[in-house]
Every structure is written in C-alpha cells, then in structure tokens.
Amino acid sequence: MLTAKHISYHCGQLKLIDNICLNIKAGEIVIIIGPNGAGKSTLLRLLTGYLIPSFGECCILNKPLNQWQAKDLAKVRTVMRQHRQLSFPFKVKEVVAMGRAPCGKAHFHQAISETMCQTDCSTLAERDYRHLSGGEQQRVQLARVLAQLWQPTPTPRLLFLDEPTSALDLYHQQHTLRLLKQLATEQQLAVCCVLHDLNLAALYADRILLLHHGKIVQQGTPKEVITTESIHRWYGVELGTYHHPKNLKIPQIYLHA
Amino acid sequence: MHTDNHRPLLWKLVILLLILIIIAANSGALKLSVYQLSHISCNDPLLRAWFNIRLPRILLAVIVGMALASSGAVMQGLFRNPLADSGLLGISSGAALMVALTILFPAAFPSIVMLYGKMIAAFIGGMIICLFIYLYSFNEQGNMAKLILLGVAINAIIGAVMGCLSYISDDIQLKQITLWSMGHLGKGSWELVLVAVSLIFLALIMVLKLSYQLNILQLGDEDAHYLGINVQRIKRYLLLLSALLIGTAVAVSGIIAFVGLVIPHMIRLRIGADHRWLILGSALGGGCLLLLADTLARTVVAPAEIPVGLLTSLIGGPYFLWLILKHK
C-alpha cells in the first residue's frame, strides 16, 4: 500500500527526518509515537505528499507520489490533521460534505450519512461548526476524512491521522479507535496514526514506530516497543509497565508520581 | 439533504432588484416616468435624456454594486477573514492612486487607451496592492489584527501621496480627483456600461466556477491540498479575478466604500458560508444596495447630487461599527 524508501527531509542544516524506510499494508494500523519535536508531523507530511523529501522516494500503490494526479491521490489517501478553526458559519453537514469534493456526485448522500453516523455526528448536522467544542470539531473532521475515502466496496486506501483523539473524551477515544480498527479489518483501510497516549497506542496498534530526532529508533509490535527501558530511554520519564489484565500481550504504562 | 437550497432567497433578491430598477427609472431630477415615456415620440429630447443618461446610470449602479459585493465575498473567503474588504485593505486606494496619476499625467498614455486608461490604471493599482497583501498575509496565516493594520498603513501612505498629487494639480484636475475619490456614477454612458458589464460578468462567472474550491480553501491550505485542490493556482485565479472586479468597479465609479464589507456579511447571516450561494447572493444584494444608494444620491437633494460613495460610507460606517462592537 505505502512504501517509503530511505526518505530524508532537511531544513537548512537541520535533518528533520533522517533516512526512514517504512512499509504499510492494507488493513494494518501503524501508530507513530515519539516525544515532542521528534518529527512525527513532518514524517506524516512526507508520506502524504504534502512535502517532497530531500532524499528518497515514497510510493502509494506502487506509484511514486510525484506521479499521482492530485485528484486521484485524494481518492485513495486522506489526512486528518489536528483541528483547525473556520472563519465562517459553515454547518457541520457542509464541512463533512467537503470531504466528497474529489469524488464527484457518486454516492454523495450515502457516504456522508454513513460516516456521520459512524463518528457520532448525526445530531450535530445542522449546527454551526464554529460553535462546537474541540472534541466535537475533531469528530466532525474525522467524519469529513472518512467521507473522502468512503467507497461502496472494500478497496485499499490510506488514512493518516495526526493525534485524532487529543480533544476527545474517554468514550469517544475508544469509539474512534474501535472504528479505525473495524475500518482497517473490514474495509482494507491502511491506517497510519500519530498518538501521544501510549496505552491507547498499545491497545489498538498492529505495529508501533518510535520516532526520535527524525529517526525510527524502535519498531515492532506494542510488546516489543512499549517497554520500561525504551520509553524511559527515549522519553526520559520515570515509569513502570504492566500487562493488560484482559490481554497479556498488551503492555500498559504507568508513571511514577 | 446535505446541502441547503437557497434558490428562493436569490429569486427574492432578483425581484427586489427589478423593483428597484423600475423605481429608479421613474425618479430623478428629470420628472419623467416610464408611463410618460410610452406616450412621447422617439425623437423627443426627454426620451433621449432618459435613454442616454438615466438608463446607463442605473445599469452602472447595479453592475458596480455587484462587482463590489461579490469581490468582497471572494476576498473575505481568500483571506479567511470576515473583515477583509477592498477599502479597508487599501486596494481601492491603490486603484485610486493610479487613476489620480492618469488624471494628472494624461500624456503618458496613448489616446486610444484613454477610454479604458483609467480602468487599466485602476486595475493595475488594485492588483499591486492585492499582490502585496497576498504575499504578506500567507506568511501570517490570516492574522486578523495585522491584516487590518497593514490596510491602515497602506491607506495612510497612499493618502499622503494623494495629498501631494492634489497639491500639485490644477483646479480642474483637483476637482476630478476629489469627485472621483468620493465615488460617483454620474458619467454613466453606454460605452462605459458595455465595458464594465463585459469585464464584470466575465469575472463573476469565473469566480462562481471557483466558488466550491473557495469553500474547500476554508479548511486551510494543507487540508485543501489533501482534498486534491491545487491551492496556489486557485488562490492566484481568485486574487486576479477579485482585483479585476474591484479595479473595474473603482475605475468606472471611483471609491465606493463598505458595499463589499456589509453586503456579504448580511447575506451570510441568511444563507450561511457556502460560497456557491454567497457570491451570487452578494452580487444581487450589492446591486440592490448601490442602486438604492445612487437613486437616493441623485433624488434627495435634486437637482444637485450627493456623491454616492459618501452615502454608502454614511450607511456602511455605522454598520461596520456595530459589527465590531457585536463581535468582541
């Protein structure tokens, strides 16, 4: 689905991203973690084609990013960024409908109704987007990007998310990640997501990448990456880990007071 | 279900505009109603005066109002800022400065382009300021306060230069510049109407074609990019088109303030932010407002006239004040 070969991104003398290789398969949830300023958002921008890497190449569906037409690419990959304010009184349903811009009129209503239902936004449809709370706005943005990728049949598509749960309450954090898991398994979506909550990441990730100073310093299953030593080493926090009581393969962390 | 239909409201605006046109055609210093016109012969000087003076003026008011209001809506969308307006940002003054230069130094232009000379000058002047603001504001990501301050600075600088130009001009030129900077539609002729209509309608159609992309731009440049929009190209087109709209309007009518600010805001209250409806609604509303203002301007103190730009400022200024006080 997505292959990045030795991509680097330099900004002046600074190496923001340093020689990263990455594969993401359809149906897989890859979660990127790392301390502030590790280059998580920059990596996302390189993988999505917003920034062009200084070195290396990134392919989606075996086609290099620079050979894609913007409109065709918009049908197979989308990005949910950390939420932004709007200046004008758009209704929620209008914001979600913007997600269908690359797709034309086909399945317009079905796609929007379904994704608004999935993200628990249906009751907000007529509200002014600007008057929603941060969490509600985040759900609407999720509905918008899901509407963009919506297809009547399962096809391989790529969904990037930059901290999609940062403003959500506990219920909606669980709801959103369950939804992503379901879409990945049932709809062949490849999900690549930046998360700060390590416990949440361990619960839902198929694979975790730990980014530090623009390099992948650890990658693998949650059990391999989320260990007391590695998190202490790369984040510099004092912590302990334990096994999730319902699933011993899943590590969870707790901080020392 | 997922997009609202505002067609009824637009039709109401069309009907309002038609009613205003009929009222305007009936009133003026020349007491002549449309009813009387049908009873006088074709060669009557009254009919000619009506056809060659009043009718073009009415059409000019409508078309200039349309250009000002729709360009206001586009600029506000482009800068993601409900306070963006050609007057506040200094685009109108840029156009005014260039026109003042053509009034003072007419010899610099060949006589063939002099009919369009002021228009071209106004367009270039507006474009230069537009470009400057564009380059500045996209580094600032729509910082509202700074944008307005930038407009204040531009207006102050151009005001000073205009002062110098007024100082060195002779009486006739001075009168032309002053009258022009207050905005008036008195020199409406059929040639002018045709030129203005052709340019403004062309720009308006293009803007309407891009209106959906303008909606998507509201999500921010990066998100619009992910939706397959060529952000830089769309922005360039829209900027060029709004400069064309403002430039043409300023060239034929001088500076008419606040129409571009007030009308899109009022229409937004009814229609919402969807530019596909907003721009069309603003165009119709702008036509109505400027026609109303111009009809008042030439009838209230008939046979004298108030410059229409003064009148719109008198209405628009307090409205703007109210807008600021309401949105703290």
Side-chain angles (χ1 to χ4, degrees), chain A residues 41 44-45 48-51 68-105 108-113 115-116 122 125-126 128-130 140-141 144-145 147-149 158-160 162, chain B residues 1-6 72-84 137 140-144 147 210-234 264-279 281-282 327:
Chain A
S41 296
L44 230 51
R45 284 181 172 153
T48 55
Y50 185 73
L51 294 177
W68 278 91
Q69 293 285 322
K71 207 159 185 176
D72 297 329
L73 188 57
K75 288 178 194 165
V76 294
R77 79 89 179 81
T78 186
V79 187
M80 179 192 165
R81 297 192 309 136
Q82 294 179 51
H83 85 278
R84 289 270 184 271
Q85 260 306 341
L86 292 178
S87 309
F88 296 110
F90 282 102
K91 286 180 183 174
V92 165
K93 62 182 184 182
E94 291 173 325
V95 175
V96 178
M98 286 180 197
R100 291 304 283 176
C103 314
K105 290 203 165 55
F108 183 78
H109 294 292
Q110 197 187 350
I112 291 165
S113 307
T115 52
M116 283 179 76
S122 305
E126 296 292 328
D128 183 337
Y129 177 83
R130 299 171 308 164
V140 174
Q141 292 294 347
R144 177 177 68 77
V145 295
Q148 185 183 342
L149 288 189
L158 256 168
L159 173 61
F160 293 92
D162 196 349
Chain B
M1 176 207 152
H2 290 291
T3 42
D4 291 323
N5 189 342
H6 297 288
V74 173
M75 302 270 288
Q76 286 155 24
L78 202 55
F79 290 110
R80 280 176 228 133
N81 186 332
L83 291 182
S137 76
E140 290 292 321
Q141 281 295 319
N143 183 331
M144 204 133 121
L147 206 61
L210 295 174
S211 56
Y212 190 59
Q213 274 95 319
L214 185 55
N215 277 351
I216 308 247
L217 285 184
Q218 302 311 310
L219 294 169
D221 288 4
E222 198 173 334
D223 284 335
H225 169 88
Y226 294 136
L227 280 162
I229 302 271
N230 189 332
V231 176
Q232 293 314 319
R233 193 167 68 197
I234 299 289
H265 189 261
M266 285 170 70
I267 300 291
R268 215 177 270 124
L269 288 178
R270 287 296 300 272
I271 283 184
D274 189 339
H275 288 90
R276 287 171 294 181
W277 300 102
L278 177 68
I279 292 173
S282 296
H327 299 278

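Throughout, a chain's letter reflects where its sequence line sits, starting with A, and its residues are numbered from 1. For the numbers below, each heavy atom of this structure counts, side chains included, while hydrogens, waters and symmetry mates do not.
- Judged by distance alone, with hydrogens and angles left aside, the side-chain atoms of B:Asn215 form a donor-acceptor pair with the main-chain N or O of B:His275 at under 3.5 Å.
- With a 4.5 angstrom heavy-atom cutoff, A:Arg45 touches chain B via backbone and side-chain atoms both.
- In this structure, the portions of B:Gln76 lying under 4.5 Å from any heavy atom of chain A include both its backbone and its side chain.
- For the options B:Leu227, B:Ile216, B:Leu278, heavy-atom pairs under 4.5 Å to chain A are most numerous at B:Leu227.
- Between chain B and the options A:Arg77, A:Lys71, A:Gln69, heavy-atom pairs under 4.5 Å are most frequent for A:Arg77.
- In this structure, A:Ile112 CD1 and A:Met98 CE are separated by 11.0 Å, a value rounded to the nearest 0.5 Å.
- For the atom pair CZ (B:Arg276) and CD (B:Gln213), the distance works out to 10.5 Å, reported to the nearest 0.5 Å.
- With sequence neighbours excluded, the residues that form a salt bridge (Lys or Arg N to Asp or Glu O under 4.0 Å) with A:Arg81 are B:Glu222, B:Asp223.
- A:Lys75 does not touch chain B: none of its heavy atoms, backbone or side chain, sits under 4.5 Å away.
- At a 4.5 Å heavy-atom cutoff, the contact between B:Leu219 and chain A is made by backbone and side-chain atoms alike.
- The ring pair (Phe, Tyr, Trp, His ring centres under 6.0 Å) test applied to A:Phe90 returns no partner, not counting sequence neighbours.
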